[in-house]
Amino acid sequence: MVNKNQLQLTYRDRLKLLTGAAGLAALTACGGGGSSSPTPPSGGTPPPAPPTPPVSTTPVDGLLRDTFRNNFVVGAAIGSAQIAEGSEDADILSKQFSSITAENLMKPDALAPTEGTYTFEAADALIAFAEANNLQVRGHTLLWYRATPDYFFEGTREEIKARLQKYITDVVTHFKGRVYAWDVVNEAISDGDGPTAPYRDSNWYQAAGGPDYIDWAFEAARAADPDVKLFINDYNTELAGKRARLVTVVEDLIARGIPLDGVGHQAHIQQSTSAADVFAGLDAFTNMFAGLENHITELDISVYSDPASCFDNATGCQPSVGNTLPAARAREQATRYRELFSGFAARSNLTSVTLWGLTDDASWLNSFPVDRPNYPLIYDRDRDPKTAFLAITDPNYVI
Ligand code: 9MR
């Protein structure tokens, strides 16, 4: 395969220009310069079409990360496939991003599938790739109610606490100095106002007989590494109810002196979500205490706008848009991405923005909440930057 970063215009790019098949190339050609088609003078001969400006789907090296260099690092969640030597994904990561998160490789079921045996190799390879390419690493995640082997929950409360703290001590120590932030506790907040609210009624909550496990996790992480930033991470902070419950928990942690540096906002949103609601999620935590940081940790924008029933019981989900992203949807999505990144850049305590995946084909949203092709990221299945990429990196780009 031709490495498109070795050439200014690849075979595929030229083919797209010739066939006019590429939405991106076409959009760039007519929208990139902010011009519209000239109107022929009435009765006269239409002027000749302006020459097609040179178009390449390869942005200049560093465009994405440099656009936000003074604002936040720009990350992508990845796995072993994306760092394969010579792959287009690895090339994109090294050229356009400044941070990575392991989508799965640093979760408890990946690092310690059986008690007392650590399997760090795949995560270490990810970190070695990051270090070789000047990418920072966000750690995800030390404690979650999913992706955790059953043995974590066996025994008495004291045994469970000791096991959890040993696990966190070992893992944080192993990655010490190589990870800039950890999602220490992931998704511990309830989605509703049930009996355990604001806490999720989870395996961890049951095993600890309450929310104390959150304290155990943060204390062990801080003891193992005094410098790494410690985050509580959750989804739906763009929704008022979930946000209020997370605020309650964060206030309590701070008041009791639990070591916490920031709030991770997953930002798994859909097209119907307004940027204002995402910003409200961020702003609720700003100035809660000096130095509290916000991170956007798992950003993606589903091109579907599904009702709650789709997430609850897979009914009422929007039908598939098919195997190509319709241009109108691509533009709507690009608009939302632009609004978000411009608002992110305006918030000084937002220090990291991570997309939950690199290319659309790799997204978990192709099978959640139902099997259906989705297009939630800023690189398409051909590894070309999408309209959304242009919208966030070029303020003059006409969407
Ligand atoms: O995208 C991840 C998917 O590949 C895994 O199967 C799943 C279970 O480990 O986790 C997904 O990532 C989740 C993340 O860790 C926490 N927030 C929600 C993400 C999507 O489910």
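Residue numbers start at 1 and run along the sequence shown. Keep in mind that what you see is a predicted model, and the values were worked out from it rather than measured. Heavy-atom basis, side chains included; hydrogens, waters and symmetry copies ignored. Both ligands and their constituent atoms are indexed starting at 1 by order of listing.
Counted by atom type alone, D201 and Y145 present zero donor-acceptor pairs between their side chains at under 3.5 Å. Residues H295 and N233 bring no donor and acceptor atom of their side chains to less than 3.5 Å of each other. Looking at D361 and T359, their side chains do bring a donor and an acceptor atom within 3.5 Å of each other. Side-chain polar atoms of T273 and E238 form no donor-acceptor pair below 3.5 angstrom. No side-chain donor-acceptor contact under 3.5 Å links T101 and H140. Using modelled atom types, one finds a donor on one side chain and an acceptor on the other under 3.5 Å when comparing E187 with Q266. W182 and D225 form no side-chain donor-acceptor contact under 3.5 Å, judged by distance and modelled atom types alone.
Every atom of ligand 1 with a heavy atom of N186 under 4.0 Å away is listed here by number and element: 16 (C). Within ligand 1, counting atoms from 1 as listed, the ones closer than 4.0 Å to a heavy atom of H268 are 18 (C), 19 (C).
Contacts of W144 with ligand 1, taken as heavy-atom pairs under 4.0 Å, involve the side chain alone. Neither the backbone nor the side chain of T141 comes within 4.0 Å of ligand 1, counting heavy atoms alone.
Atom 7 (C) of ligand 1 has its nearest heavy-atom neighbour, among E103, E298, K107, in K107.
Checked against a 3.5 angstrom limit, the closest N/O atoms of W364 and ligand 1 fall outside it. Inclusion of E187 in the set of residues having an N or O under 3.5 Å from an N or O of ligand 1 is warranted.
For atom 5 (C) of ligand 1, the closest heavy atom belonging to the protein is N104 OD1, 3.2 Å. Nearest non-hydrogen protein atom to atom 8 (C) of ligand 1 is R146 NH2, 3.5 Å.
By the 4.0 Å heavy-atom criterion, F368 is excluded from the residues contacting ligand 1.
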